[in-house]
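Below is one structure, written out as structure tokens; comments come after it.
Just so it is clear: chains get the letters A, B, ... in the order the sequence lines come, proteins before strands, and each one is counted from 1. Here the structure is a predicted model, which means the values were calculated and not measured.
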Amino acid sequence: MSRKLCTVIAAAVLFCLALSGCGKAAPVSADLNALYEKLISEEGMSEMISVPGEKGLVFFGIEPSDCVQEITAICADSLLADEIWLIEAKDEVIAQRIEELAKSRLVQKGEELKSYLPEQYRIVEAAKLERRGTYIILLVSPKAERLMELADSTFKAGTD
Amino acid sequence: MKRYRNIRTIICLLTAAVLCGTFAASACAEGELPESWFDDALFIGDSIVGSLGNEALINGGLGEAQILHINGLSCHGIVRDDTKIHYMGKTLTIGETALLSGANKLFLLLAMNDVGQPEKVIVESWDALFAQIRESCPDIQIFAMSGTPIYSERAFLTNANMLAYNEILKSECEKLGIVYVNITGELADGTGHLKEEFHTDDVHLTRSACKQWIKNLRDPENYSEDVSEERE
């Protein structure tokens, strides 16, 4: 086999591997502000308040310097359980840590609401939490499933 | 010519300074505590505090105060059931929360879920809570806010019971060195009930009620001790 042919085959193999991503998911990227706007514009959504600055992160135990992008929002009606976290962490280890914080947040919200507001407790139980690489998405809403679909489409569109 | 231009610049700067001063003064009515007075404050309470927190997030009024709430929180519950606060990803006592927050002022609203408890339970609960806070924060200034009026009374949730609770709380504050804050001004109508326009479900407050609450908090007259001299 000529040297030239070997080079062509090697290049073809590399090209195929690059296209397939070696079986791994392609990296994703998303503008979380745009996603948040999309989520809160969904029909029937409760009025949300985006917690300004670092207040939300500090409350939830997240180090602001660990985040690339972040939005935490609570419901304008404090008796409703609705809550949104859209966070891009600096790396996957941090993202895993934030995911754990989100899990404990759900447990704590559930404990608080179980006997006090059972209807809201059910919403917390049906909340959606996902980590995609360095991104963490927490959706506590009666429309959590639909909101996650919207997040999915944003991430699909943002796949590099 | 250049000299006149300099004088004109100085006049412009002076006018701007005077205007800024006027606006700054109008942001804080005469005698009112400035927003910044609450920058080092931590508020902890029940679901009623939740609506205060949201109002402060949306429209401000309490500076950089941190406002935490737990639905159903009560003083007797904290002591009896060892109810904890979830803050910065940790599960803490109120005292530990205050310590971690770095606050110098701790405002508590624990009333609606304590109303109807026997006086002995209320007194013992406040004594125990006070001791628990002091253990973590020996120097923090503690403020106890009065219970708020009720629109439509039911079972033990009556305005008479709330008044009785507030009286017990007032004497507890005096005994323990806690500053009592009457936040009820203008919230009740002539009969002592929460005004119709201020309630969402008989006990919880609307945003406009929370605006009034913030106004009451910023009025030094509503504090059992003179706080006006501590202004920054």
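Counting heavy atoms from C-beta on, the side chains of B:I178 and B:F130 come closer than 4.5 Å. Within the 4.5 Å cutoff, no side-chain heavy atoms of A:I87 are placed close to those of A:Q69. Using a 4.5 Å heavy-atom cutoff, the side chains of A:F59 and B:M88 are not in contact.
Here CG of B:L205 is found 6.5 Å from CG of B:L187. Values are rounded to the nearest 0.5 Å. Here the straight-line distance linking atom CG of A:L35 with atom OG1 of A:T154 works out to 4.5 Å at 0.5 Å rounding. The distance from atom CG of B:L169 to atom CD1 of B:I122, rounded to the nearest 0.5 Å, is 9.0 Å. Taking CD1 of B:I85 as the start and CG of B:L100 as the end, the distance is 12.0 Å to the nearest 0.5 Å. The CG atom of B:L106 sits 6.0 Å away from atom CD1 of B:I142, with the distance rounded to the nearest 0.5 Å.
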Trace of the side chain to side chain contact (heavy atoms under 4.5 Å, CB included) decision for A:I71 with A:Y36: CA-CA 8 Å; A:I71 292 163; A:Y36 177 67; 3.6 Å; yes
For B:F143 and B:V227, run side chain to side chain contact (heavy atoms under 4.5 Å, CB included): C-alpha distance rounded to whole Å, both residues' side-chain angles, the deciding distance at 0.1 Å, then the answer. CA-CA 11 Å; B:F143 300 81; B:V227 289; 4.1 Å; yes
Between chain A and chain B, which N or O donor and acceptor atoms come closer than 3.5 Å?
residue : atom : partner : partner atom : Å
A:E47   : OE1  : B:R207  : NH2          : 3.4
A:E47   : OE2  : B:R207  : NH2          : 3.3
A:K55   : NZ   : B:A65   : O            : 3.2
A:F59   : O    : B:M88   : N            : 2.7
A:C75   : O    : B:N54   : ND2          : 2.9
A:A76   : O    : B:N54   : ND2          : 2.8
A:S78   : OG   : B:S51   : N            : 3.2
A:E112  : OE2  : B:N71   : N            : 2.7
A:E112  : OE2  : B:N71   : ND2          : 3.1
A:Y116  : OH   : B:S47   : OG           : 3.0

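Of the residues B:V49, B:I44, B:L73, the one that meets the side-chain contact (heavy atoms from CB on, under 4.5 Å) test with B:L109 is B:V49.
Residue-level contacts of residues 132-150 of chain A with chain B do not occur; threshold 4.5 Å between heavy atoms.
Contact of B:L68 with chain A is made through the side chain alone, with heavy-atom distances under 4.5 Å. Of the atoms belonging to A:I74, it is side-chain heavy atoms, and not backbone ones, that fall under 4.5 Å from chain B.
Among A:L113, A:V51, A:L79, the residue making the largest number of heavy-atom pairs under 4.5 Å with chain B is A:L79.
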